[in-house]
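Comments concern the structure below.
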Amino acid sequence: MNKTTFAHGQLKSIVERIERLEEEKKTIAGDIKEVYAEAKANGFDTKILRKVISLRKKDAAEREEEESMLDVYLAALGMIPGDSEEAA
């Protein structure tokens, strides 16, 4: 087997693995969609559920920093009830 034949075989193997993983990804995405549909059918807000999933992926320090920055932005826009800027 020469080097070119080996490279072609290796390339074909890589492409087939990627294709198989893409199919698995579609299946998993469909499964996730079904779970969200089930949650919605049971009265859960899927937008909030997606946010909860997103927050659970972050560590505590990252979440606290994000929440702190959100508070700063909301305060700057006068969107926090009782904020002194709102009264001005």
Side-chain angles (χ1 to χ4, degrees):
M1 178 187 277
N2 66 29
K3 195 172 186 177
T4 304
T5 304
F6 176 75
H8 285 136
Q10 190 177 26
L11 177 60
K12 182 179 179 187
S13 174
I14 289 170
V15 168
E16 288 172 349
R17 285 171 44 209
I18 291 169
E19 289 172 340
R20 188 173 54 255
L21 291 168
E22 289 289 342
E23 277 301 313
E24 289 177 25
K25 186 168 73 169
K26 281 189 347 190
T27 300
I28 291 170
D31 292 347
I32 291 170
K33 186 176 179 179
E34 287 177 18
V35 174
Y36 277 112
E38 178 184 336
K40 186 174 184 174
N42 286 312
F44 293 100
D45 184 321
T46 56
K47 185 175 180 181
I48 300 301
L49 189 56
R50 288 179 192 278
K51 183 65 175 173
V52 168
I53 300 297
S54 172
L55 289 171
R56 285 176 52 101
K57 292 178 185 177
K58 300 175 183 179
D59 64 32
E62 188 178 4
R63 282 194 313 267
E64 288 172 12
E65 181 180 345
E66 187 177 292
E67 289 170 7
S68 176
M69 291 301 297
L70 181 60
D71 287 345
V72 169
Y73 284 31
L74 292 175
L77 295 170
M79 296 175 66
I80 297 179
D83 185 40
S84 61
E85 292 291 323
E86 194 174 310

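Keep in mind it's a predicted model, so treat the numbers as computed, not measured.
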Q.
Would you compute the distance between atom OG1 of T4 and atom NE2 of H8 and round it to the nearest 0.5 angstrom?
A. 6.5 Å
Hydrophobic cluster identity match, [X] and [Y], side-chain contacts under 4.5 Å:
X	Y	answer
I28	L49	yes
F44	V52	no
I48	V35	no

Q. V15 and side-chain contact (heavy atoms from CB on, under 4.5 Å): which partner among R17, K12, E19?
A. E19
Under 3.5 Å, which donor-acceptor pairs link side chains of residues 63-79 to any protein atom two or more places apart or in another chain?
from : atom 1 : to  : atom 2 : distance (Å)
R63  : NH1    : K58 : O      : 2.8
E66  : OE1    : K58 : NZ     : 2.3
E66  : OE2    : K58 : NZ     : 3.4

Q | Heavy-atom closest contact (T46 atom, Y36 atom, distance) | A | CG2-O, 3.4 Å
Q) What residues, two or more places apart in sequence or in another chain, satisfy side chain to side chain donor-acceptor pair (under 3.5 Å) together with K26? A) E23
(Q) Quick check: do I18 and E22 have side-chain heavy atoms less than 4.5 Å from each other? (A) yes
Q: Provide the full list of salt bridge (charged side-chain N to carboxylate O under 4.0 Å, His left out) pairs with a residue in residues 31-41, sequence neighbours left out, each pair given once.
A: none
